[in-house]
Visitor: 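Submitted below is the structure of interest, expressed as structure tokens.
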Amino acid sequence: MAENLIIEGSTKEEKYANLFPQIKSVLSAERDMIANMANVCSMLHETFNFFWTGFYRVIDGELVLSPFQGPLACTRIKKGRGVCGTAWQEEKTLIVPDVDKFDGHIACSSLSKSEIVVPVFRNKEIFAVLDIDSKELNTFDDTDKQWLEKIVALFDIE
Ligand code: SME
């Protein structure tokens, strides 16, 4: 594995297309979920220079902060609360172009302007969500949704 992750590509699509096989290779070499979540955050964060990239895992009926890259974040989120808790409840990816317009958005940082949350399934159950925040409005679209869903599907093993 490359020590310095350099993802070529000028478009978002190209970056994801180049990044995906690398993520797949890194995950296939390790079984520990926390280690794998940590590397996925790092690779996404470094490639796209996001503001915050991290996982929350479902533990005892709440989302609990897990591996992430970026500033300090809130540690626990209840089902149905914020973008993360809503994506968990609705069992689908949520794209929020402007967080100020999302009722109930949990502002871990006032610098975050747009967000995407992708549920992570294992055996048809959500066991985590991937949350990515951007300092710009309208950062995330269907390309992010498609690729991020493909990336988190790599956790659906056994
Ligand atoms: N904004 C999220 C909370 C998590 S932080 O962005 C890291 C939400 O509304 O669920």
Side-chain angles (χ1 to χ4, degrees), residues 5 7 11-13 15-16 19-20 22-24 26-27 30 32-156:
L5 179 75
I7 298 298
T11 67
K12 182 191 279 193
E13 177 70 37
K15 285 184 179 170
Y16 276 116
L19 182 60
F20 183 75
Q22 298 199 42
I23 290 182
K24 200 170 174 185
V26 166
L27 297 201
E30 174 57 57
D32 186 84
M33 192 210 300
I34 301 292
N36 285 338
M37 285 179 164
N39 270 335
V40 168
C41 288
S42 169
M43 294 170 91
L44 286 167
H45 202 75
E46 294 286 308
T47 300
F48 292 100
N49 206 16
F50 291 132
F51 175 61
W52 195 92
T53 311
F55 288 91
Y56 283 86
R57 282 177 302 148
V58 176
I59 299 173
D60 295 336
E62 276 185 315
L63 292 172
V64 181
L65 185 63
S66 295
F68 73 95
Q69 299 266 321
L72 181 78
C74 54
T75 54
R76 287 174 187 267
I77 299 173
K78 293 194 188 310
K79 200 167 197 173
R81 300 291 302 277
V83 186
C84 292
T86 306
W88 177 24
Q89 185 169 55
E90 296 184 359
E91 302 193 351
K92 64 176 193 197
T93 297
L94 290 184
I95 295 173
V96 180
D98 179 350
V99 295
D100 289 338
K101 295 193 173 125
F102 186 94
D103 206 16
H105 170 255
I106 300 165
C108 295
S109 164
S110 59
L111 294 174
S112 172
K113 300 289 181 223
S114 60
E115 182 164 356
I116 185 168
V117 179
V118 183
V120 188
F121 289 88
R122 182 173 279 175
N123 297 326
K124 299 192 169 61
E125 289 229 349
I126 293 177
F127 76 96
V129 299
L130 171 63
D131 178 18
I132 306 180
D133 289 24
S134 164
K135 281 206 274 188
E136 280 84 49
L137 294 165
N138 295 307
T139 295
F140 305 103
D141 57 22
D142 211 49
T143 300
D144 300 281
K145 177 179 184 293
Q146 308 273 327
W147 281 104
L148 293 172
E149 286 177 354
K150 201 169 154 174
I151 290 166
V152 301
L154 296 170
F155 285 94
D156 196 0

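First listed ligand is number 1; within each ligand, the first listed atom is number 1.
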Visitor: Just verifying a value: how many Å separate K145 NZ and I95 CD1, rounded to the nearest 0.5 Å?
Guide: 7.0 Å

Visitor: Enumerate the atoms of ligand 1 whose separation from the nearest heavy atom of E115 is less than 4.0 angstrom.
Guide: 1 (N), 2 (C), 6 (O), 8 (C)

Visitor: Would you say CD of E90 has more than 12 non-hydrogen atoms from neighbouring residues, nucleotides or ligands within 6.0 angstrom?
Guide: yes

Visitor: So does K113 pair up with E136, basic N to acidic O under 4.0 Å?
Guide: no

Visitor: Kindly confirm or rule out an N or O of Y56 lying under 3.5 angstrom from an N or O of ligand 1.
Guide: no

Visitor: Kindly say whether the aromatic ring centers of F50 and F140 come within a distance under 6.0 Å.
Guide: yes

Visitor: Report yes if the side chains of T75 and V64 come closer than 4.5 Å at any heavy-atom pair, otherwise no.
Guide: no

Visitor: Are the side chains of T47 and Y16 in contact, using a 4.5 Å heavy-atom criterion?
Guide: no

Visitor: How many angstroms lie between atom CG of L44 and atom CH2 of W147, to the nearest 0.5 angstrom?
Guide: 12.0 Å

Visitor: Which residue supplies the protein heavy atom nearest to atom 4 (C) of ligand 1, what is that atom called, and how far is it?
Guide: D131 OD2, 3.3 Å

Visitor: Where's the contact between V99 and ligand 1, heavy-atom distance under 4.0 Å: side chain, backbone, both or neither?
Guide: neither

Visitor: N/O of H105 under 3.5 Å from N/O of ligand 1, yes or no?
Guide: yes

Visitor: Would you say ligand 1 has an N or O under 3.5 Å from any N or O of C84?
Guide: yes

Visitor: Could you see which bit of W52 sits under 4.0 Å from ligand 1, with heavy atoms only: side chain, backbone, both or neither?
Guide: side chain

Visitor: Any idea how F68 and W52 line up, ring-wise: parallel (<30°), tilted (30 to 60°), or perpendicular (>60°)?
Guide: parallel

Visitor: Within the 4.0 Å heavy-atom shell around C108, which atoms of ligand 1 are there?
Guide: 3 (C), 4 (C), 5 (S), 7 (C)

Visitor: Before signing off on this row, confirm whether G82 and ligand 1 have an N or O atom pair separated by under 3.5 Å.
Guide: no

Visitor: To which protein heavy atom is atom 6 (O) of ligand 1 closest, and what is the distance rounded to 0.1 Å?
Guide: D133 OD2, 2.8 Å

Visitor: Which protein non-hydrogen atom lies closest to atom 8 (C) of ligand 1, naming both residue and atom, and how far is it?
Guide: V83 N, 3.2 Å

Visitor: Around atom 1 (N) of ligand 1, find the nearest protein heavy atom and jot down its residue, atom name and distance.
Guide: I106 O, 2.7 Å

